[in-house]
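Take a look at the structure below.
Residue numbers start at 1 and run along the sequence shown. Note that these values count all heavy atoms, side chains included, but never hydrogens, waters or copies made by symmetry.
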Amino acid sequence: MARAILQRVRTGHGGEPAGATGAGRSAVDVSVIVPLHDCRPYLDRCLTSLLVQRVAKEIVVVDDGSTDGGGELADLYAACHPGIVRVVHQEASGGAGRPRNTGLSLARGRYVFFCDADDYLGPEALERMLAMAERNGSDIVLGKIVGHGRRAPASMFQENAERAPLEDSAVYNSLTCFKLFRREMLERHGVRFDEVLTVGEDIVFTAHAYCHAEVISVVADYDCYHLVDRPDGTSIMQREGSRDPLSWMRMIRKPIELVAAHVQPGPLRDHLLRRHLRLDALAHLGRSFLEAGEIERKEIAAEVADLCERWLTDGVRERLPPVDRHRIAALEDIDRLVRLAHIESAAVRRELMGLRWDAGSTALTVSGRVALEAPAALGAAGPPELAVDGVTLVLRPRPDGDPPGAAVVVPASGEGGQFTGTIDLAALPSGVWDVHAAVECEGIVRTARLGADRDGAVARPEPRVVGGTIVLPYFTRPHGNLSIDAGGHVCTVPGTARLTRSGWAAGHRLVLAGEATVGRRRPEPVGTRAVRRLVWRDRHSGREVEAPVAAGPGGGFTARQAIGRLAAGTWDAYLELDLGGPPVRLRIDTAAEPVAPARTWWRGTVRWTARPYGTAGKGRLSVVVRAVPLRTLLRRMFR
């Protein structure tokens, strides 16, 4: 593998490119534009990751006045890879906008991709993104971004999307420029980076591109772009003041005005403006608001109020979470804004104190206590007292659940932060559900996972079959949070299938009878509807043969297997159950007494032998089937 990668780097490609070059088309599919300023320690990794991409490409490095030898290293790469790596040197501009625009003006590819010199791509990134663009005629393709010491956007990368609608998806939450853009679309609409801005220039560029993109696609099943934190803190976004609230909100007016100029009033515009008002304006009324001085707080509130006055429509307001609607209502009340910021920044202290099945019911009772604790470091007068107004339990399905349903809210009773809630598991759909405690304080709801902090006496409850579905409360690893697996999706279902008798019937049929239970300390019989079939699995080939099963009361079952259907080999016996989720298979346990004796019969000139037995150690039912031709038997006799 290492030799193959090295060969790709030396030749400048990794084999046949993903996009074929036809008559009248550019010989370059993707132009990768790399702005470079004092990133020499990271440049080798970046350029190597680009050279191994299996697409017809060019790499345009724009050296923006580097002083650490990065420009010279880029020149060395260009000398080693002529026709693939090009380097342009220019005076330092102080930001990434001008070098990116320079690279864009030189680009020859049908698509362009922007990669910062301290980041890098996964080996198949451009190949996968280009293939997605070719299939769908995409104008923009988002490739999954992963962070290394830096926070990476995640909401838009839950699953692949051939065509992601801008209005009904999370793609607009990602406004970095680390995407694949159709160059013709950028040129036609004059989409360029703002060269005056040192922070946020990619937001302006990408917001403008989104306004004109007819097809947007997402590659979410591969780590395409690796976003790297610099330990020395020298990147622009790591500089002190790069996220100054006032400067940021003044910058954000530009993409908002672009959206307003290119998108007609209506649901789509409201969806896009919601992103900016929530993440780029109202977010500054949180923890950073508490860290600001009194005068700066007034300036921040005034800036947010001005943005809301201009761009807050009823449609935008409806899309905002409750905490942001409370903030908007309090924009003229600084003390109330500080109070809301304390509530949002407070740590949710919670302890699980009880977890038990209600006797003779299908309900699981959860009890505990919660409190909100404002950080001591925020506020010169000390943290305020935050009273808990109410608690509910919230069960959220895992994102990959089947089906991905809505959250289930369970009321809880209690006072002073103490709570008790009863979860009716008969009404819970099959899937994995994570349990949260939702704490309400002055109209704001804070939610946190429950279970990691728990009383030492709290133990994992026994599994229980509820309405034909196995329900397994458990604590996650490594964090120890409470979850409920309804159906056995991620937890191993504890159960036993035990052979009580066996024998032979006509037609060389092996007759089995037994009983099945589920549970650990207090096993309970499975229902008649849970028993699905008997499965024989060849230990060598993995081939399976199924036989019908008749279910009886008390978890009983009987089955008849025509041994003639089994080929020569060793076959292990399983009982398959339907417990509301994936099929559950239990090996059939047996002692020596109920196992039928071996049986021999002839089929033509072949002698067949079937010997049921219990395996050594655990004593599980298996059958050895042998077929010996007459000719072999005679040979053995006359040796």
Side-chain angles (χ1 to χ4, degrees), residues 33 35 95-98 100-101 104 111-114 116 138-143 145 152-153 155-157 161 164-218 225 227 236-237 242-243 245 247-284 303-304 306-308 310-313 315-316 319-320:
I33 298 170
R98 183 176 297 172
R100 286 176 181 151
N101 282 341
L104 191 53
Y111 295 89
V112 295
F113 189 93
F114 299 96
D116 282 356
S138 310
D139 294 307
I140 301 176
V141 179
L142 288 72
I145 301 174
S155 61
M156 66 294 306
F157 297 121
L166 190 57
E167 179 181 345
D168 298 322
S169 71
V171 294
Y172 195 72
N173 285 346
S174 173
L175 288 178
T176 66
C177 64
F178 310 131
K179 301 171 176 62
L180 191 70
F181 296 91
R182 185 183 297 277
R183 187 165 67 90
E184 186 275 332
M185 183 263 295
L186 301 178
E187 297 295 340
R188 177 160 33 101
H189 298 286
V191 180
R192 289 294 186 273
F193 291 89
D194 189 316
E195 298 185 5
V196 175
L197 297 174
T198 57
V199 173
E201 77 292 335
D202 54 341
I203 294 178
V204 178
F205 176 91
T206 308
H208 193 184
Y210 272 132
C211 290
H212 298 292
E214 295 183 7
V215 179
I216 302 169
S217 303
V218 179
Y225 193 89
L227 192 66
I236 291 177
M237 294 307 299
S242 63
R243 288 280 185 173
S247 300
W248 189 270
M249 284 188 282
R250 288 163 190 152
M251 174 276 295
I252 214 64
R253 291 175 181 270
K254 294 190 176 184
I256 290 176
E257 289 167 357
L258 281 169
V259 168
H262 292 98
V263 180
Q264 294 296 317
L268 175 56
R269 184 197 275 191
D270 289 339
H271 175 71
L272 304 183
L273 292 178
R274 167 196 171 276
R275 185 258 186 240
H276 289 298
L277 289 180
R278 181 175 176 232
L279 301 182
D280 298 317
L282 293 165
H284 294 297
E303 195 73 30
V304 173
D306 185 61
L307 287 169
C308 289
R310 292 191 62 186
W311 306 113
L312 181 67
T313 66
V316 173
R319 290 168 166 80
L320 292 173

Using the side-chain hydrogen bond (donor to acceptor under 3.5 Å, both in side chains) criterion, which residues pair with Y225? Sequence neighbours excluded. D119
What pair of heavy atoms forms the shortest contact from Y111 to S138, and how long is it? CE2-O, 3.7 Å
Report the distance from atom CG of L277 to atom CZ of R319, rounding to the nearest 0.5 Å. 12.0 Å
Check ring-ring contact (aromatic ring centres under 6.0 Å, His included) between H262 and all other residues, then give those that pass, not counting sequence neighbours. H208, H212
Test ring-ring contact (aromatic ring centres under 6.0 Å, His included) applied to F193 - qualifying residues, sequence neighbours left out: F114, F205
CZ of R253 to CH2 of W311, rounded to nearest 0.5 Å, is 9.0 Å
Quick one: does H271's side chain get under 4.5 Å of V263's, heavy atoms only? no
Which atom pair, heavy atoms only, marks the closest approach of G315 to D270? CA-OD2, 3.4 Å
Restricting to side-chain contact (heavy atoms from CB on, under 4.5 Å), what partner residues turn up for T176, sequence neighbours left out? I145, S174, F178, K179, D202
Using the side-chain contact (heavy atoms from CB on, under 4.5 Å) criterion, which residues pair with E195? Sequence neighbours excluded. R98, N101
Test I216 against Y210 for side-chain contact (heavy atoms from CB on, under 4.5 Å), laying out the working first. CA-CA 8 Å; I216 302 169; Y210 272 132; 3.6 Å; yes
D280: what forms a side-chain contact (heavy atoms from CB on, under 4.5 Å) with it, not counting sequence neighbours? W248, I252, R275, H276
Answer whether the closest heavy-atom distance between the side chains of L312 and L320 falls below 4.5 Å. yes
Taking salt bridge (Lys or Arg N to Asp or Glu O under 4.0 Å) as the cut-off, I'd like each qualifying pair that reaches into residues 208-218, sequence neighbours left out, listed once. none
Could you measure the distance from the NE2 atom of H284 to the CG atom of L279? Nearest 0.5 Å is fine. 9.5 Å
Restricting to salt bridge (Lys or Arg N to Asp or Glu O under 4.0 Å), what partner residues turn up for R100, sequence neighbours left out? D116, E201
Please name all residues satisfying salt bridge (Lys or Arg N to Asp or Glu O under 4.0 Å) with E167, sequence neighbours left out, ordered by chain then number. none
Got a sec, which residues hit salt bridge (Lys or Arg N to Asp or Glu O under 4.0 Å) with R274, two or more places apart in sequence or on another chain? none
Spacing of M251 atom CE and D194 atom CG [to the nearest 0.5 Å]: 10.0 Å
When rounded to the nearest 0.5 angstrom, what is the spacing between CG in L272 and SG in C211? 6.5 Å
Distance (rounded to the nearest 0.5 Å) between L104 CG and I33 CD1: 5.0 Å
Is any side-chain heavy atom of I256 closer than 4.5 Å to a side-chain heavy atom of R310? no
Salt bridge (Lys or Arg N to Asp or Glu O under 4.0 Å) with E184: which residues, sequence neighbours excluded? R188
Please name all residues satisfying side-chain contact (heavy atoms from CB on, under 4.5 Å) with A209, sequence neighbours left out, ordered by chain then number. I140, F181, M185, L186, V191
Please report the shortest heavy-atom distance between V304 and M249, naming the atom on each side. CG2-SD, 3.5 Å
